[in-house]
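These numbers come from the heavy atoms of this one structure, side chains and all, not from hydrogens, waters or symmetry mates. Each chain gets a letter, A, B and so on, in the order the sequences are listed, and its residues count up from 1.
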There are 2 protein chains.
Amino acid sequence: MKTKQKMVSEFRRAEIVDAARSVFARKGFAGGIVDEIANEAGIAKGTVYLYFRSKKEIYRAVLDRDMEFSKKGTLERMDAAGNLKDKIRAFTLARLENAEAKKEFFRIMDAEFGSVSFTRSQYRDWLREPVLRLASAIEDAARRGEIRPVPSEKIAWLVADMTRGTIRRRLLGRSDTPPGEDAELLVGFTWAALAAE
Amino acid sequence: MKTKQKMVSEFRRAEIVDAARSVFARKGFAGGIVDEIANEAGIAKGTVYLYFRSKKEIYRAVLDRDMEFSKKGTLERMDAAGNLKDKIRAFTLARLENAEAKKEFFRIMDAEFGSVSFTRSQYRDWLREPVLRLASAIEDAARRGEIRPVPSEKIAWLVADMTRGTIRRRLLGRSDTPPGEDAELLVGFTWAALAAE
DNA sequence: TTGGCGGATGACCATACAGTCATTATAATA
DNA sequence: TATTATAATGACTGTATGGTCATCCGCCAA
């Protein structure tokens with residue numbers, strides 16, 4: 001039965017990816033051991049290689065899946081928001097909460113985004129779409145006179161940077177406030193900067 | 001002759017640290033090979049172990065030295081600045097330029113700050129001093145009525161986060177503007193947020 | 001009950017690498 | 001120059017680990 005096979009197989013893959021995320025988050029790419037991933041997934045090492053060609057491929061699968069999930073969630077929440085301020089809040093909050101819920105994944109992103117060479121080009125642009133959408137919203141609001149005119153794309157990236165930096169600080173344990181609070185501060189700050197004139 | 005010995009020894013240590021920085025930046029901690037560090041320093045692997053007990057110790061030395069340098073530079077430039085806006089600019093610009101000049105180091109910081117377990121506690125707080133100084137400046141300015149009243153420490157961290165995020169984006173090659181330009185945008189944005197009422 | 005089949009296993013192999021240490025080269029001193 | 005002290009070397013060792021593959025297991029149809 002083809003369908004059932006496929007389902008079982010997808011399930012196994014997902015289990016392995018979950019285990020891998022946890023191991024890589026703890027040890028990084030080079031430090032993460034396939035045997036450990038297998039253990040954590042409750043299977044033998046050999047089995048891992050039935051589902052993935054290599055350690056690299058497992059790593060890529062982890063990042064792929066989680067980035068896709070994070071990007072999708074962010075875009076959806078932004079679409080649901082009405083005005084600019086809400087969109088900014090949606091963007092920031094989605095990312096902060098995502099980071100909170102998936103600390104492990106974000107620790108990987110933080111840890112090896114820039115250093116494991118084969119992931120760089122793959123992941124350079126995953127934020128671009130949400131940011132560009134934010135930029136459009138800023139531009140529209142400026143055109144309608146709700147905020148002062150600003151270089152919208154640059155400002156959008158700045159908001160993204162601020163969010164990223166906040167996530168990082170939270171991951172390092174230098175913030176013990178709930179994500180909503182950090183987000184609110186960020187949104188208020190940004191709004192003050194945009195509304196001013 | 002004690003002094004000369006010491007000098008030679010310090011010089012060698014520095015050479016090794018320089019080579020290590022380059023290797024670790026390229027490959028991460030686990031991926032960085034001691035033999036490669038030795039080669040790059042133009043010495044044999046055994047010699048490395050005359051100056052450092054272990055690979056970990058080399059890694060720590062790299063981070064120690066560069067963080068110290070970066071922190072010192074940032075504080076000095078902030079002290080030299082007169083008013084709040086200049087202090088914010090000093091803080092941001094010092095860090096951006098530092099990141100530009102020492103891409104390798106920052107790539108390490110970015111890469112493994114949060115994942116190599118033995119470095120976490122060591123480096124969690126290296127930014128604290130500059131940020132707290134920025135917070136004081138904000139507080140003073142608010143007291144003098146130059147800006148609106150804000151939760152100074154939180155805002156200071158927010159500025160730090162924004163700077164960190166910008167550095168990260170620059171490292172990933174998503175920004176091709178000179179550091180001064182990014183800094184100016186950031187400072188202007190922050191100033192608008194603070195001056196607003 | 002048997003035969004066959006695909007998924008699962010883990011012992012095994014080859015390689016890579018951190019760290020050691022006996023030996024050698026170099027410099028200081030007398 | 002001879003002697004001693006110090007720095008440097010790189011072959012070697014033990015261990016860890018990515019990836020393979022002969023074998024096994026459990027299920028199902030006949």
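- Neither OP1 nor OP2 of D:dT9 sits under 4.0 Å from any side-chain N or O of B:Tyr49.
- A:Lys45 places no side-chain N or O within 3.5 Å of a backbone atom of A:Ala38 that could act as its donor or acceptor partner.
- Between the P atom of D:dG19 and the OH atom of A:Tyr59 lies a distance of 15 Å, rounded to the nearest Å.
- The nearest whole Å value for the distance from the NZ atom in A:Lys27 to the C1' atom in D:dA16 is 12 Å.
- Within the 4.0 angstrom heavy-atom criterion, no nucleotide atom of any strand lies near A:Gly31.
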Which donor-acceptor pairs under 3.5 Å do the side chains of residues 134-141 of chain B make with protein atoms, sequence neighbours left out?
| residue | atom | partner | partner atom | Å |
| --- | --- | --- | --- | --- |
| B:Ser136 | OG | B:Leu132 | O | 3.2 |
| B:Glu139 | OE1 | B:Ser152 | OG | 2.8 |
| B:Asp140 | OD1 | B:Arg143 | NH1 | 3.4 |

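- Partners of A:Arg133 according to the side chain to side chain donor-acceptor pair (under 3.5 Å) rule, which considers only residues two or more places apart in sequence or in another chain, are A:Asp79.
- The side chain of A:Leu50 approaches C:dT9 more closely than any other nucleotide in the set C:dT9, D:dT9, D:dG19.
- In this structure, NZ of A:Lys56 is placed 19 Å from P of D:dT17, rounded to the nearest angstrom.
- Comparing D:dG18, C:dA8, C:dA18 by their closest approach to the side chain of A:Tyr51 singles out C:dA8.
- Atom C1' of nucleotide D:dA7 and atom CZ of B:Phe52 are separated by 16 Å, given to the nearest angstrom.
- Proximity of A:Lys55 to the phosphate of D:dG18: a side-chain N or O atom is located under 4.0 Å from OP1 or OP2.
- Contacts between residues 35-44 of chain A and DNA chain C, defined by a heavy-atom separation below 4.0 Å, involve A:Ile43, A:Ala44, listed by number.
- A donor-acceptor pair under 3.5 Å is formed between the side chain of A:Thr163 and the backbone N or O of A:Val159.
- Within the structure, every side-chain polar atom (N or O) of B:Arg53 is placed at least 4.0 Å from both OP1 and OP2 of C:dA18.
- With D:dA7, C:dG7, D:dG18 as the choices, the nucleotide that has an atom nearest any side-chain atom of A:Ile33 turns out to be D:dG18.
- A search for side chain to side chain contact (heavy atoms under 4.5 Å, CB included) contacts involving B:Ala142 returns B:Ile147, not counting sequence neighbours.
- In this view, B:Lys85 satisfies the salt bridge (Lys or Arg N to Asp or Glu O under 4.0 Å) rule with no residue, not counting sequence neighbours.
- The NZ atom of A:Lys45 sits 13 Å away from the P atom of C:dC13 (whole-angstrom rounding).
- In this view, B:Lys154 satisfies the salt bridge (Lys or Arg N to Asp or Glu O under 4.0 Å) rule with no residue, not counting sequence neighbours.
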